[in-house]
Number of protein chains: 2
Amino acid sequence: MARAATTTDAFNAVAEPRRREILSLLVVQERPVGEIVAVLRLDQPSVSKHLRVLRDVGLVRVRRKGRHKLYRTVPDAIRPMHEWTATFERYWRHQLHRVKERAEALEAAGSGPDLKA
Amino acid sequence: MARAATTTDAFNAVAEPRRREILSLLVVQERPVGEIVAVLRLDQPSVSKHLRVLRDVGLVRVRRKGRHKLYRTVPDAIRPMHEWTATFERYWRHQLHRVKERAEALEAAGSGPDLKA
DNA sequence: TTGACATATTCCTATATGGGAATGTAATGT
DNA sequence: ACATTACATTCCCATATAGGAATATGTCAA
């Protein structure tokens with residue numbers, strides 16, 4: 001089997017950095033394809049293809065406006081990723097606490113930070 | 001060009017659902033490969049290969065324990081993803097507010113929810 | 001050393017890319 | 001109708017999978 005399609009879900013779609021840039025750009029305000037091309041300095045077909053992927057997974061929506069197509073990010077489609085990553089939050093907090101406690105313990109012991117370990 | 005390697009960054013690594021399962025499992029407590037195989041019901045070589053990818057991007061760490069190798073998630077390596085998704089939080093909040101306001105406006109107008117639009 | 005257990009790597013293959021180039025399609029103005 | 005603007009799609013190709021099967025490496029025990 002090969003890798004899952006980029007259109008499988010948000011996780012696969014945003015693995016591509018350009019698509020993340022597009023999402024960040026379009027969440028602020030909707031824009032026509034030409035502007036995305038200009039701002040991000042990508043080729044037009046490339047942008048259209050990325051937008052197609054993002055559309056397929058529901059991360060962006062389009063609406064016509066004369067000859068233009070205005071794309072905008074659908075922020076809600078990013079929530080599942082946010083929530084998944086959030087399940088690890090308490091653990092990296094613990095990690096920080098451990099590091100902090102360790103540093104304080106060392107200082108209390110009178111020695112400087114252990115640069116070797 | 002093909003897709004970026006899965007070992008490019010955390011975004012690419014966690015695009016694979018099995019790797020997400022492995023991370024969720026190993027963040028609670030470290031485990032030997034055999035247990036991951038048993039709990040997630042995957043083939044051993046498959047698990048080893050996924051662990052290799054996760055290791056390459058710093059999402060897990062290993063330590064030897066006799067004949068076993070104990071893997072554990074490095075939660076801090078997930079923070080960049082959490083932070084990226086968090087930049088969209090205010091926008092989906094706005095989205096919810098708009099939906100809520102719209103619903104309340106309709107109710108105040110005396111009509112039920114607009115099922116057509 | 002030998003054997004058994006635990007994990008890692010290699011080889012193979014079908015599939016899905018993303019970029020570049022070229023072309024197709026849709027909407028507007030005259 | 002026709003030229004123009006704005007996007008979208010298609011074709012080609014190098015590359016990177018993920019899974020399955022087989023094999024290699026590593027570690028302990030007797």
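All heavy atoms count here, side chains included; hydrogens, waters and symmetry mates do not. Throughout, a chain's letter reflects where its sequence line sits, starting with A, and its residues are numbered from 1.
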key: Which atom of Ile36(B) lies closest to which atom of Ile22(B), heavy atoms considered   = CG2-CG1, 4.1 Å
request  = Identify which one of Leu51(A), Val57(A), Val14(A), Val53(A) satisfies the side chain to side chain contact (heavy atoms under 4.5 Å, CB included) criterion when paired with Arg19(A).
outcome  = Val53(A)
ask   = With respect to the phosphate group of dA6(C), does any side-chain polar atom (N or O) of Tyr71(B) fall under 4.0 Å of OP1 or OP2?
value = no
query = Would you say Val28(A) and Ile78(A) are hydrophobically clustered, going by side-chain heavy atoms of ILVMFWY under 4.5 Å?
reply = yes
request  = Tell me, please, which residues at least two apart from Arg52(A) pass side chain to side chain donor-acceptor pair (under 3.5 Å).
outcome  = Asp56(A)
ask   = Got a sec? Which of residues 23-36 of chain B come in under 4.0 Å of DNA chain C, heavy atoms?
value = Pro32(B), Val33(B), Gly34(B)
query = Among residues 41-67 of chain A, which residues get a heavy atom nearer than 4.0 Å to DNA chain D?
reply = Gln44(A), Pro45(A), Ser48(A), Lys49(A), Arg52(A), Arg67(A)
message = I'd like to know if the side chain of Glu83(A) pairs up with that of Thr87(A) as donor and acceptor (distance under 3.5 Å, no hydrogens or angles considered).
response = no
ask   = Does the distance from a Lys or Arg side-chain N to an Asp or Glu carboxylate O, for Glu30(A) and Arg63(A), drop under 4.0 Å?
value = yes
query = Which nucleotide in the list dT15(D), dA16(C), dT7(C) gets nearest to the side chain of His68(B)?
reply = dT7(C)
message = Rounded to whole Å, please give me the gap between CG in Leu70(B) and P in dA6(C).
response = 13 Å
note = From CG of Asn12(A) across to P of dT17(C) the rounded distance in Å is 8 Å
task = Considering just the side-chain nitrogens and oxygens of Lys69(B), establish if one lies under 4.0 Å of OP1 or OP2 belonging to dA6(C).
result = no
inquiry  = Tell me whether the count of non-hydrogen atoms from other residues, nucleotides or ligands lying under 6.0 Å of CZ in Arg20(B) goes above 12.
reply    = yes
request  = Nearest whole angstrom, please: distance from the P of dC11(D) to the CE of Met1(B).
outcome  = 23 Å
query = What are the two closest heavy atoms between Ala77(A) and Leu59(A), and how far apart are they?
reply = CB-CD2, 3.6 Å
